[in-house]
Amino acid sequence: GVSGVLIARCAVDNFPAASILVESKYGYPDPRAAAYLVQQLDRLIGLKVDTKDLIKEAGRIEARMKNLLVEMKRHKDTYQEAESELPMFG
């Protein structure tokens, strides 16, 4: 990915660099993962960054994703009903 390309380019240019990655949920922003990374950096090097806003945003995104999944399931069920009942979908 992009991180690998950047690190490789730094190596070619003899530019000291490091890439710090954290596991995140795919497909959407993951502020909880970002907060975890910042907290670990704080623990290791005393970064001193407040992560409360990231955690709040994580809660909002997770709630939104949960609602979207419920909606997707509802629409899927509705589509499957229509598919089985209406000849044009069969």
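What you see below is based on every heavy atom in this structure, not just the backbone, and it leaves out hydrogens, waters and symmetry mates. No experiment lies behind these values; they were computed from the predicted model shown.
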By the rule that ILVMFWY residues connect when side-chain heavy atoms come within less than 4.5 angstrom, directly or transitively, which residues belong alongside Ile20?
->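 Its cluster partners, ordered by chain and number, are Val22, Tyr36, Leu37, Val38, Leu41, Leu44, Ile45, Leu47, Val49.
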Which hydrophobic side chains are connected to Leu6, either touching it within the sub-4.5 Å cutoff or through other members that do?
-> Val2
Could you pull out all residues at least two apart from Glu71 that satisfy salt bridge (Lys or Arg N to Asp or Glu O under 4.0 Å)?
-> Arg74
Residues in salt bridge (Lys or Arg N to Asp or Glu O under 4.0 Å) with Lys73, at least two apart?
->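 Only Asp77 meet the salt bridge (Lys or Arg N to Asp or Glu O under 4.0 Å) criterion with Lys73.
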So which heavy atom on [X] is nearest to which on [Y], and how close?
{"X": "Leu21", "Y": "Ser3", "result": "CD2-OG, 3.9 Å"}
{"X": "Glu23", "Y": "Asp30", "result": "O-OD2, 4.4 Å"}
{"X": "Asp42", "Y": "Lys48", "result": "OD1-N, 3.0 Å"}

Listed by chain and number, what are the side-chain hydrogen bond (donor to acceptor under 3.5 Å, both in side chains) partners of Asp13, not counting sequence neighbours?
->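 Scan of Asp13 (side-chain hydrogen bond (donor to acceptor under 3.5 Å, both in side chains), adjacent residues dropped) gives Arg9.
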Using atom types as modelled, flag every donor-acceptor pair under 3.5 Å from a side chain in residues 53-60 to any protein atom, sequence neighbours excluded.
| residue | atom | partner | partner atom | Å |
| --- | --- | --- | --- | --- |
| Glu57 | OE1 | Arg60 | NE | 3.1 |
| Glu57 | OE1 | Arg60 | NH2 | 2.8 |

